[in-house]
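Encoded as structure tokens, the structure appears first; notes follow it.
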Amino acid sequence: MPFSKLGLCDPIVQAIEELGYTTPTPVQKQAIPIILSGKDLIATAQTGTGKTAAFVLPLLSLFNKERTLRGKRIRALILTPTRELAVQVAANVTEYSKHLNLSSMAVYGGVDSEPQKQRLIEGIDILVATPGRLLDLAHQRALHFDELEVLVLDEADRMVDMGFADDIKKIIERLPADRQNLLFSATVNNGVRIFADHFSASKMGRRAVEISISPEDTTAPSIDQWLITVDKDTKSALLSHLINEQKWDQALIFIEKKHAAAKLVAQLAKRGIEADAIHGDRSQAMREKILADFKSGKLKYLVATGVAARGLDIGELSRVVNYDLPFKPEEYIHRIGRTGRAGATGEAISFVAMGDFKNLCAIESRLNHVINRKEIEGFPVRKVVPVSILNYVRKSNR
Ligand code: AMP
């Protein structure tokens, strides 16, 4: 089914054709008609499935009619967990709306709020925001929600994980009851369900339509996942070896702790490999510069803590490395979703040490298959990691 059959207006179809999208992804096929019909939607879909376009395209189409907006008013609010994702979503809105007369911008913390306030004075059709900064701006009366028509919660599970649930509730309380609600999340657990309850309250009992895009339906099936069992103290030597031996053109390397990120960059430098790190302690300007260098190919190896890497859209990423295996299976799926995006092929490599055994069981149980193991010559392990049990249920939540 082509995009032109989904009911989107012509200037949007033209913009996506110019971007080279030929067919809608499964989440787009399902979500776009529901959103265009004005219904609330709860969608289980992870990054890499084309979920951003799934809500932005119909939103733009619905807004493509003449309407004058009063000052400091917004028509759509898209909440995201991180500034990087806010910037990325706003960039997508700009691309998709290039033939429409609609305004959009992103607001997020860590930067001066004055320019953001200035731009809000005229009113903005589509505002992408992180919860904390949005509440700050609302408290300062830099924006008002009385003309809001649509609320989107993007990556709702991550917002809950990052402790934004109360902020989001406070924001929802300020919104007009008569609005359309859209929620996208990699998993819809109890923490996320609370928002769905708020939605039905706003619609006087009208229920949201729920859709779920299973991992097999995603556009990124071509990810070659493999793992290497390794002793903790040989991880950085193994990474340098792989970069050199396998002539990696690019890698996004996930690491648990920020001080370890800086240490790894130094260890790689000693072996003649130039890398840089992105983590919470670096300024926004620095993070943006490093990310731009990585995207342009100037920087080939980027080390990132999980939190700092959330929301990064790096386009055609060929390889991600779990230098440290994540605790949660959802995090693993999110990370590998950064490669092989929208049809491109990618590689996801995990370093697994003995201490990661339970996390590996949880991840492989969630995937419902074991991950292919490879042995690398010259890196025998002292502490062998057993093969997982695939029906593993974690006893505690850490
Ligand atoms: P997302 O899941 O929103 O992070 O999107 C993942 C990537 O897929 C982004 O880089 C989009 O630009 C791209 N994309 C989204 N929809 C399509 C489509 N229908 N065809 C090709 N690429 C797409």
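What you see is a predicted model; the values in this text were computed from it and never measured. In each ligand, atom 1 is the first atom listed, and ligand 1 is the first ligand listed.
Polar contact with ligand 1: absent for T22 (N/O pair, distance under 3.5 Å). Residue-to-ligand polar distances keep Y96 apart from ligand 1: every N/O pair is separated by 3.5 Å or more. Inclusion of Q28 in the set of residues having an N or O under 3.5 Å from an N or O of ligand 1 is warranted.
Under 4.0 Å is where a charged nitrogen must lie from a carboxylate oxygen, and between K258 and D281 at least one such pair does.
With a 4.0 Å heavy-atom cut-off, ligand 1 is reached by the backbone of T23 but not by any atom from C-beta on.
The residue from V152, T44, L41, V192 that alone fulfils the side-chain contact (heavy atoms from CB on, under 4.5 Å) condition with L183 is V192.
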Which is it for R158 and D161 under the salt bridge (Lys or Arg N to Asp or Glu O under 4.0 Å) test, yes or no, and what are the steps along the way? CA-CA 5 Å; R158 321 226 103 211; D161 283 353; 5.0 Å; no
Applying ring pair (Phe, Tyr, Trp, His ring centres under 6.0 Å), run through Y323 and F254 and close with a yes or a no. CA-CA 6 Å; Y323 189 83; F254 288 99; over 10 Å; no
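Remark: ligand 1 atoms within the under-4.0 Å shell around heavy atoms of F3 are 19 (N). For ligand 1, the atoms lying closer than 4.0 Å to a non-hydrogen atom of G50 are 1 (P), 2 (O), 3 (O), 5 (O), 15 (C).
Remark: R366 fails to qualify as a cation-pi partner of Y332 under the 6.0 Å distance and 45° angle criteria applied to the six-membered ring.
Side-chain N or O atoms of Q30 include none that pairs as donor or acceptor with a backbone N or O of V27 at under 3.5 Å.
Nearest-heavy-atom check against atom 18 (C) of ligand 1 across F184, F55, Y21 picks out Y21.
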